[in-house]
Enquirer: 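Below you will find the structure I want to go over with you.
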Amino acid sequence: MNHILLLFGLYFIQGLPYGVQTGFLPVYLRSKGISLASVGAFKLLLLPWFLKGLWAPLVDRFASKASWLRGSVAAMFVTCLFISCIHPDDTVALCALLFLFNLFSATQDVAVDGLAIQLLDGAELGAGNTAQVVGYKSGAVMASGLTAIEQTLGWTGVFAALAAVYFAALLVLQGRVKDVECTSADGQTKGDKSSRDDYKGHQGALRSVHVEVMNTEGTVWVAVFVLIYKLGEQGAVSLFPLFLLDGGTSAVEVSFWSGVLGMGASIVGSTWGGVLLSTYRLATVRVVKRHCQLRLLPLLLMLWLTANPYDRGNLTGCLSVASIVLLHFHSGVVTTATFTLMMQCSRLAPDHVQATHFTTLATIEVIGKMLFTATLGGITEYIGYGMTFLMLLCLALGMLYSFRFCPNHFMLQITN
């Protein structure tokens, strides 16, 4: 249980940058009159998340996970202080600092994923991945709600508050992570000197590590799946709040609906996903497939709302909230089950590349959803909201075909 709580806290602070850049910043920038294309282009600053697999072997090989964690969190603390001192109209400085923010956050992600693989045994995968997803999304909820804080404390106050959170996390890390880093849930010692020596003796480290990663059983299918499974859903999650904002809904209401109600529903969904996997012991892929099918319903509702944008008063608001809550709920279940599937696949890899294996899959997952949403603003300005949501629905429907190629052992695998 201590491992689960620790991972929850680490993933909470890891979710803050995601909430800032997918919840707070888009609404803030759009409310200031920034174009949809420019708002979407800010997501290109997430580039370190796409490339983190390149330096993941270094995190595996050099120093300890605790050292990487403390260093990355300290760097994010300093970066937030710098962001609080600039004016948001200084685009060059803002982009440079947000890029560094993502670089340090992506490095923290590599270290936390490696720590999770070390600490969790097979029976804890469901609970561990629930803590991962719920903690991450709780951090995103907190960051998404910064719009209300910004109206009271201003830009400086928002990032000063984030800096305070990272400073508190750094104090906790100083005395907590070093006590558990090398001990797994079953009492086995991991990541010790002998395994590091084995790794150092590996010739052509970077190239051979990634060859081992891709040669692990089931990796190719899982990699393709995580690349495409979020396309339609993530596009809708990022675009629908901007549709509401353009339709006259206030920035505070939009942030509350999508950032608090939506992410709250996502947390409930993620928790329910953990229950399905750990308590009811359903096969991981079957949980993913069922809720990928169910999330088509709120996407259909969003399509209808965007294709008929005239004002229907309270009905529009109720239907909008319902679609947001339902989509986020099923998204939460799918995310927890998918990350459990990824960890099950990573545990099939050799010990010395497991963290790199999981990081590679997580990087592909980020590439799939973030690169697409970065271009979505420009697409929407060209074809309109209605046609864009029709495209998103088709993507969410089309990805269901990928389950026909799922390896049989994944179809039957449960957390044990």
Enquirer: Compare all side-chain heavy atoms of F372 with those of L392 and state whether any distance is below 4.5 angstrom.
Expert: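 Result yes, sub-4.5 Å side-chain heavy-atom pair found.
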Enquirer: Run the ring-ring contact (aromatic ring centres under 6.0 Å, His included) check on F403 and F225 step by step: do they pass?
Expert: CA-CA 8 Å; F403 288 103; F225 176 77; 5.3 Å; yes
Enquirer: Below 30° counts as parallel, above 60° as perpendicular, anything between as tilted: where do the rings of W155 and Y28 land?
Expert: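 Tilted.
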Enquirer: Is it the case that the side chain of R290 and the backbone of L294 share a donor-acceptor pair, with hydrogens and angles ignored and the cut-off at 3.5 Å?
Expert: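 No, because the side chain of R290 does not come within donor-acceptor range (under 3.5 Å) of the backbone of L294.
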Enquirer: How far does CD of Q234 sit from CG of L376, to the nearest 0.5 angstrom?
Expert: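 That separation rounds to 10.0 Å.
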Enquirer: Calculate, to the nearest 0.5 Å, the distance between atoms CG and OG1 belonging to L239 and T306 respectively.
Expert: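 Rounded to the nearest 0.5 Å, the CG-OG1 separation comes out at 8.5 Å.
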Enquirer: Rounded to the nearest 0.5 Å, what separation is found between the OG atom of S258 and the CG atom of L244?
Expert: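 CG of L244 is found 8.0 Å from OG of S258.
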Enquirer: Distance only, no hydrogens: is a donor on one side chain within 3.5 Å (strictly under) of an acceptor on the other, for K137 and S266?
Expert: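 Judged by distance alone, the side chains do pair up.
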Enquirer: Between W304 and F389, is the gap from one ring center to the other below 6.0 Å?
Expert: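 Centroid distance W304-F389: not below 6.0 Å, so no.
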Enquirer: Any sub-3.5 Å donor-acceptor pair from Q354's side-chain atoms to A349's backbone N or O?
Expert: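 Yes; at least one donor-acceptor contact below 3.5 Å.
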Enquirer: Between H330 and H291, what is the ring plane arrangement, given parallel below 30°, perpendicular above 60°, and tilted in between?
Expert: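 The rings of H330 and H291 sit tilted, inter-plane angle from 30° to 60°.
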Enquirer: Run the salt-bridge test on K32 and D89 with the 4.0 Å N-O cut-off and return the result as yes or no.
Expert: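 No salt bridge links K32 with D89.
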Enquirer: Test side-chain contact (heavy atoms from CB on, under 4.5 Å) on H357 and T219; report intermediate values, then the result.
Expert: CA-CA 9 Å; H357 186 283; T219 298; 2.8 Å; yes
Enquirer: Nearest 0.5 Å, what's the NZ-CG distance between K52 and D113?
Expert: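 It comes to 6.0 Å.
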Enquirer: So, applying side chain to side chain contact (heavy atoms under 4.5 Å, CB included) with T359, which one of V213, L54, V59, V110 is it?
Expert: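 Only match with T359 under side chain to side chain contact (heavy atoms under 4.5 Å, CB included): V110.
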Enquirer: Looking only at non-hydrogen atoms, find the nearest pair between T79 and L97 and report the distance.
Expert: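 Looking at all heavy atoms of both residues, the closest pair is CG2-O, 3.4 Å.
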Enquirer: Look up atom OG1 in T388 and atom CE in M302, then write down how far apart they are to the nearest 0.5 Å.
Expert: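 With rounding to 0.5 Å, OG1 (T388) is 14.0 Å from CE (M302).
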Enquirer: Provide the closest heavy-atom pair for L282 versus L277 in the form atom of the first, atom of the second, distance.
Expert: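 Shortest heavy-atom contact: O-CD2, 3.7 Å.
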Enquirer: So, T284 versus Q344: side-chain donor-acceptor pair below 3.5 Å or not?
Expert: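 Per modelled atom types, T284 and Q344 side chains form a pair under 3.5 Å.
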Enquirer: Please check if the distance between the ring centroids of Y136 and Y18 is under 6.0 Å.
Expert: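 Distance test on ring centres: under 6.0 Å, yes.
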Enquirer: Distance from L300 atom CG to L397 atom CG, nearest 0.5 Å?
Expert: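 Answer for the CG-CG pair, L300 versus L397, is 9.0 Å.
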Enquirer: M399 and L231: side-chain contact (heavy atoms from CB on, under 4.5 Å), yes or no, with the steps?
Expert: CA-CA 9 Å; M399 62 76 51; L231 292 181; over 6 Å; no
Enquirer: Looking at every heavy atom in both V237 and H328, which two are closest together, and how far apart are they?
Expert: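 V237 and H328 have their closest heavy atoms at CG1-NE2, 3.8 Å.
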Enquirer: Below 4.5 Å, heavy atoms only, C-beta onward: do L361 and M343 meet side chain to side chain?
Expert: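 Side-chain contact under 4.5 Å: no.
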Enquirer: Taking the side chain as every heavy atom from C-beta outward, state whether T338 and M342 have any pair of such atoms under 4.5 Å apart.
Expert: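 Of all side-chain heavy-atom pairs linking M342 with T338, at least one is under 4.5 Å.
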Enquirer: If only atom types and distance count, is the side chain of S105 paired as donor or acceptor with the main-chain N or O of F101 below 3.5 Å?
Expert: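 Absent.
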Enquirer: Could you go through the side-chain hydrogen bond (donor to acceptor under 3.5 Å, both in side chains) check for Y11 and D109 one step at a time?
Expert: CA-CA 8 Å; Y11 281 111; D109 177 62; 5.4 Å; no
Enquirer: Taking the side chain as everything from C-beta on, heavy atoms only, tell me whether T363 gets closer than 4.5 Å to L51.
Expert: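 Contact flag for T363/L51 side chains = no.
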Enquirer: Taking L103's backbone N and O only, do any of them form a donor-acceptor pair with W49's side chain (distance below 3.5 Å, no angle check)?
Expert: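 Not a single qualifying donor-acceptor pair exists.
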Enquirer: Which atom names give the shortest non-hydrogen contact between V141 and V260, and what distance separates them?
Expert: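 Here V141 and V260 meet closest at CG1-CA, 4.4 Å.
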Enquirer: Quick check: do C85 and T156 have side-chain heavy atoms less than 4.5 Å from each other?
Expert: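 The answer is no, as the side chains (C-beta and beyond) never meet within the 4.5 Å cut-off.
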Enquirer: Would you call L146 and I149 a side-chain contact if the rule is heavy atoms closer than 4.5 Å?
Expert: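 The answer is yes, as the side chains (C-beta and beyond) meet within the 4.5 Å cut-off.
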Enquirer: Go through the steps to decide whether V288 and F410 satisfy the test side-chain contact (heavy atoms from CB on, under 4.5 Å), and finish with yes or no.
Expert: CA-CA 11 Å; V288 175; F410 282 140; over 6 Å; no
Enquirer: Using modelled atom types and a 3.5 Å cut-off, is there a donor and acceptor pairing between side-chain atoms of S84 and backbone atoms of L81?
Expert: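 Looks like yes, one N/O pair under 3.5 Å.
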Enquirer: Is E365 salt-bridged to K230, going by a charged N under 4.0 Å from an acidic O?
Expert: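 No, this pair does not count.
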Enquirer: Please determine whether the number of non-hydrogen atoms from other residues, nucleotides or ligands lying under 6.0 Å from atom CE of M391 exceeds 12.
Expert: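 Enclosed: over 12 neighbouring heavy atoms sit under 6.0 Å from CE of M391.
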Enquirer: Ignoring hydrogens and geometry, is there a side-chain-to-backbone donor-acceptor pair from S346 to F358 under 3.5 Å?
Expert: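 Indeed, once roles are kept as given, a pair shorter than 3.5 Å links the two residues.
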Enquirer: So V158 and L153, do their side chains get closer than 4.5 Å, heavy atoms only?
Expert: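 No - every pair of side-chain heavy atoms lies 4.5 Å or more apart.
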Enquirer: Apply side-chain contact (heavy atoms from CB on, under 4.5 Å) to L16 and V165, showing your working.
Expert: CA-CA 10 Å; L16 294 174; V165 172; 3.7 Å; yes
Enquirer: Might you point out which heavy atoms bring S323 and P298 nearest each other, and give the distance in Å?
Expert: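 Shortest heavy-atom separation between S323 and P298 comes out as O-CB, 3.5 Å.
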Enquirer: Looking only at side chains, do T107 and W55 share a donor and an acceptor under 3.5 Å apart?
Expert: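 A pair is found: one side chain offers a donor N or O, the other an acceptor, under 3.5 Å apart.
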Enquirer: Can you classify the ring geometry of F159 versus F24 as parallel (below 30°), tilted (30 to 60°) or perpendicular (above 60°)?
Expert: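 Ring orientation, 0 to 90° scale: perpendicular.
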Enquirer: For a 4.5 angstrom cut-off between non-hydrogen side-chain atoms, does R404 reach Y401?
Expert: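 Heavy-atom side-chain distance check passes, below 4.5 Å.
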Enquirer: If you take all heavy atoms of W68 and L58, which pair is closest and at what distance?
Expert: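 So the minimum-distance heavy-atom pair works out to CZ2-O, 3.9 Å.
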Enquirer: Are side-chain N/O atoms of S331 and E233 paired as donor and acceptor at under 3.5 Å?
Expert: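 Side chains of S331 and E233: pair found under 3.5 Å.
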